[in-house]
Amino acid sequence: MFMAVSRRMALAVSGAAVALTTNPVEAAVRTPRQTAGPFYPEPEDRPADTDWDLVRVEGQVRAAGGDVMWLVGQVLDTSGVPVPGVRLEIWQCDVNGRYHHPRDAGEGRPKDTGFQGLGAVETDGVGSYRFRTIRPVAYPGRTPHIHARLIMPDGRELVTQIYLLDEPGNRGDFIFRSLGRRGQAAVSVDPVRREDGDLEAFFNFVI
């Protein structure tokens, strides 16, 4: 269940939605499809705790390592209309660059048991979502990124990845480079530091 979003978050998200609605060029830019990668958590591999907060795991005393980052935004269609009832999943490696997946041996990197690894929510009546996670980190062969999977009410799906704007590793990442400049801009976020010390990144999925 969604908790109430802050006034600042609501204004920022609604402002982004207005921008998409009033700018048909931007509204037409669909979020590019990308690979789910080898570490998509299948049902049998998922943790018991899969809520919106990836930094706190039920039963664990210690919170996750890493720089806490809130990922918030909306799911919109190409006309800028919010899409409610979308199941949205995100997954990413922990602060040590390790996925919580049985096929990720870690190459000597320890697993951060305080990190959930996967989160899932459903967009609310205005297509909004939020996650509390960590700023993505690099691991061998990849630039920092967050995976996302959207399952629409009509059954359509979108799998994509979210990157950090101007991250040096982006230039050498083959998946990011394959998107071209327009696609790269459509999947990049620029987190800002909040007054409470956490990072906050706004990202709208356009389907």
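Checked by atom type and distance alone, the side chain of Ser178 pairs as donor or acceptor with a backbone atom of Ile175 at under 3.5 Å. Using modelled atom types, no side-chain atom of Ser79 and backbone atom of Val81 make a donor-acceptor pair closer than 3.5 Å. Side-chain atoms of Thr31 come within 3.5 Å of backbone N or O of Val206 as a donor-acceptor pair. Although no hydrogens or angles enter the test, the distance criterion places no donor-acceptor pair under 3.5 Å between the side chain of Asp77 and the main chain of Ile207.
Residue Arg33 holds its CZ atom at 8.5 Å from CD of Glu157, rounded to the nearest 0.5 Å. Taking CG from Leu165 and CD from Gln184, the interatomic distance works out to 10.0 Å, rounded to the nearest 0.5 Å. Note that CD1 of Ile134 is 7.0 Å distant from SG of Cys93, once rounded to the nearest 0.5 Å. Interatomic distance, CG of Leu164 versus CG of Asp190, reported as 8.5 Å (0.5 Å rounding). In this structure, CH2 on Trp91 lies 8.5 Å from OH on Tyr99, to the nearest 0.5 angstrom. Going from atom NE2 of His147 over to atom NE2 of His145 covers 3.0 Å, rounded to the nearest 0.5 Å.
Under the 4.5 Å side-chain heavy-atom criterion for ILVMFWY residues, no single connected hydrophobic cluster contains both Phe131 and Tyr163. In terms of hydrophobic clustering, with Ile, Leu, Val, Met, Phe, Trp and Tyr side chains grouped at heavy-atom distances under 4.5 Å, Met152 and Phe203 are assigned to a common cluster. Note on Leu158 and Ile162: same hydrophobic cluster, where clusters join Ile, Leu, Val, Met, Phe, Trp and Tyr whose side-chain heavy atoms are under 4.5 Å apart, directly or indirectly. Hydrophobic cluster membership differs between Leu118 and Ile151, with clusters built from Ile, Leu, Val, Met, Phe, Trp and Tyr side chains linked at under 4.5 angstrom. Hydrophobic clustering of Ile, Leu, Val, Met, Phe, Trp and Tyr side chains at less than 4.5 Å, counting indirect connections, keeps Val187 apart from Ile146.
Figure legend: cation-pi geometry between Arg132 and Trp52 absent, as NZ or CZ is not positioned both under 6.0 Å from the six-membered ring centre and within 45° of its axis.
Using a 4.0 Å cut-off between a side-chain N of Lys or Arg and a carboxylate O of Asp or Glu, Asp112 and Arg62 qualify as a salt bridge. With salt bridges taken as basic N to acidic carboxylate O contacts below 4.0 Å, one links Arg142 and Asp173. Salt-bridge check for Arg87 with Glu122: failed, with every basic side-chain N at 4.0 Å or more from each acidic carboxylate O. Between Arg193 and Asp67, at least one side-chain N (NZ, or NE/NH1/NH2) sits under 4.0 Å from a carboxylate O, which counts as a salt bridge.
In this structure, Val57 and Phe115 have side chains that are not in contact, with every pair of non-hydrogen atoms separated by 4.5 Å or more. In this structure the side chain of Phe202 never reaches within 4.5 angstrom of the side chain of Val189, judged on heavy atoms. Residues Pro144 and Glu167 are in side-chain contact: their nearest non-hydrogen atoms beyond the backbone lie under 4.5 Å apart.
In this structure, Phe176 has its ring center no closer than 6.0 Å to that of Phe174.
Counted by atom type alone, Thr160 and Gln34 present one or more donor-acceptor pairs between their side chains at under 3.5 Å.
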Between Asp104 and Lys111, is the side-chain contact (heavy atoms from CB on, under 4.5 Å) condition met? List the steps. CA-CA 10 Å; Asp104 186 354; Lys111 181 185 292 185; over 6 Å; no
Assess the residue pair Tyr129 and Leu71 against the criterion (side-chain contact (heavy atoms from CB on, under 4.5 Å)); give the C-alpha distance rounded to whole Å, side-chain angles, the decisive distance to 0.1 Å, and a yes or no. CA-CA 8 Å; Tyr129 73 90; Leu71 180 66; 3.9 Å; yes
Check step by step if side-chain contact (heavy atoms from CB on, under 4.5 Å) holds for Val29 and Arg182. CA-CA 8 Å; Val29 180; Arg182 195 181 191 198; 3.4 Å; yes
Dump the intermediate steps for side-chain contact (heavy atoms from CB on, under 4.5 Å) on Val137 and Gln92, then the final yes or no. CA-CA 9 Å; Val137 302; Gln92 65 188 100; over 6 Å; no
I would like to know whether Thr123 and Gln74 meet side chain to side chain donor-acceptor pair (under 3.5 Å); could you show each step before the answer? CA-CA 8 Å; Thr123 58; Gln74 286 177 293; over 6 Å; no
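Of the candidates Arg109, Gln116, His100, His100 is the only one forming a side-chain hydrogen bond (donor to acceptor under 3.5 Å, both in side chains) with Asp94.
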